[in-house]
Amino acid sequence: HVIARDAYNGVVRWTYRLPDWYPSHHQWGSVPVTLNQRLVAVGDAVYVTKGIHGPVVALDAATGQEKYAFEGSEETGEILVVDGMLIAGIRKEMPQESDRYPDLRSMRHNRARGVRGLLAGSRIKAFDAATGKARWQQSADYRASTIASDGAHILCASTTHLVCRNATDGMVMWKREGDFSKVMLQN
């Protein structure tokens, strides 16, 4: 559930039920590293993924009513809203051996660093935050928790590259090679 409370007295204002979310009882260290980056509140809207694999939806911040869904945003792992643009980091992750045979230490270490194999289809997609209409999308090899934007540029990192994209069309402005395996970016 997404629960909105009155900031003054804590009274519940509204509740929005998510069809599926991460279970409340889980194996320590197995929570997706970007779970906390799937909900953003800006102005009179709340943006959240409709479940773990569902699309991003815009909720009315006053009532909790769903206003619209962002078509093509399924599998979004990270949401940023900057200057009227919603940026969705959509990652297609490949299962790891540790997912089938959990070794908690390596799972925690790899997930904390955002290290997972990516499948074809991982991308960054930009939408008009006020309408939900797609602006552009570009294929992108990036790690979890490495997308940041100032409204004019979008920065993201893989383990081997740091990439700056133009926020208007998503085209690469510059790309630097190096060891970016420990980099985390945040807005």
Side-chain angles (χ1 to χ4, degrees), residues 1-8 13-19 21 32-93 114 118 121-158 161-176 180 183-187:
H1 292 88
V2 176
I3 301 170
R5 294 183 176 271
D6 188 293
Y8 176 72
R13 302 283 307 264
W14 53 262
T15 300
Y16 179 79
R17 180 164 168 66
L18 297 170
W21 196 245
V33 299
T34 59
L35 197 60
N36 64 335
Q37 297 169 5
R38 296 171 182 234
L39 184 140
V40 176
V42 178
D44 63 353
V46 175
Y47 305 95
V48 64
T49 57
K50 194 170 185 173
I52 291 293
H53 304 288
V56 176
V57 293
L59 307 177
D60 184 295
T63 65
Q65 294 298 309
E66 188 174 314
K67 296 178 1 178
Y68 46 87
F70 292 80
E71 193 172 321
S73 64
E74 294 80 5
E75 302 293 335
T76 292
E78 300 176 61
I79 302 170
L80 288 113
V81 178
V82 181
D83 293 341
M85 178 173 54
L86 183 137
I87 303 164
I90 303 169
R91 292 169 48 88
K92 301 286 186 175
E93 293 184 344
L118 296 178
S122 295
R123 62 197 185 280
I124 296 174
K125 191 166 183 175
F127 298 87
D128 185 313
T131 65
K133 302 287 185 219
R135 290 186 181 178
W136 56 262
Q137 75 174 359
Q138 295 288 341
S139 295
D141 172 18
Y142 71 94
R143 287 181 28 256
S145 301
T146 64
I147 300 176
S149 178
D150 65 359
H153 311 89
I154 298 170
L155 201 61
C156 60
S158 71
H161 291 89
L162 183 65
V163 179
C164 180
R165 295 177 176 275
N166 183 325
T168 305
D169 57 13
M171 299 304 293
V172 174
M173 296 174 72
W174 55 261
K175 183 177 188 176
R176 301 291 183 267
F180 296 101
V183 170
M184 289 188 86
L185 303 173
Q186 218 168 355
N187 263 19

Side chain proximity check, Val48 to Val57, heavy atoms < 4.5 angstrom: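 In contact.
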Contact check, side chains of Phe70 and Pro55, non-hydrogen atoms, under 4.5 Å: no
Atom [atom1] of [X] and atom [atom2] of [Y]: how far apart are they, to the nearest 0.5 Å?
{"X": "Tyr47", "Y": "Leu86", "atom1": "OH", "atom2": "CG", "answer": "7.0 Å"}
{"X": "Arg123", "Y": "Thr76", "atom1": "CZ", "atom2": "OG1", "answer": "7.5 Å"}
{"X": "His153", "Y": "Thr168", "atom1": "NE2", "atom2": "OG1", "answer": "9.0 Å"}
{"X": "Ile154", "Y": "Gln138", "atom1": "CD1", "atom2": "CD", "answer": "9.5 Å"}
{"X": "Thr49", "Y": "Glu74", "atom1": "OG1", "atom2": "CD", "answer": "11.0 Å"}
{"X": "Arg165", "Y": "Leu155", "atom1": "CZ", "atom2": "CG", "answer": "10.5 Å"}

[X] versus [Y], closest heavy-atom pair with distance:
{"X": "Gly72", "Y": "Ile90", "result": "O-CD1, 3.6 Å"}
{"X": "Gly64", "Y": "Leu59", "result": "O-CD2, 4.0 Å"}
{"X": "Val82", "Y": "Asp150", "result": "CG1-C, 3.8 Å"}
{"X": "Ala61", "Y": "Gly43", "result": "CB-O, 4.2 Å"}
{"X": "Ala157", "Y": "Leu162", "result": "CB-CD1, 3.9 Å"}
{"X": "Gly151", "Y": "Ala167", "result": "O-CB, 3.3 Å"}

side-chain contact (heavy atoms from CB on, under 4.5 Å) partners of Asp83, counting only residues at least two apart: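 side-chain contact (heavy atoms from CB on, under 4.5 Å) list for Asp83, sorted by chain: empty.
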Sequence-distant partners of Lys175, side-chain contact (heavy atoms from CB on, under 4.5 Å), two or more places apart: His161, Val163, Val172
Can you give each donor-acceptor pair under 3.5 Å made by side-chain atoms of residues 124-134, sequence neighbours left out, with the distance rounded to 0.1 Å?
unit_1: Asp128; atom_1: OD1; unit_2: Ala130; atom_2: N; d: 2.8
unit_1: Asp128; atom_1: OD1; unit_2: Thr131; atom_2: N; d: 3.4
unit_1: Thr131; atom_1: OG1; unit_2: Lys133; atom_2: N; d: 3.2

Partners of [X] by side-chain hydrogen bond (donor to acceptor under 3.5 Å, both in side chains), sequence neighbours excluded?
{"X": "Glu66", "result": "Tyr16, Lys50"}
{"X": "Thr15", "result": "none"}
{"X": "Asp44", "result": "none"}

Neighbour count >12 (heavy atoms, 6.0 Å) for atom CZ, Arg13: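 Not more than 12 within 6.0 Å, no.
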All pairs passing salt bridge (charged side-chain N to carboxylate O under 4.0 Å, His left out) where residues 55-64 contributes a residue, at least two apart: none
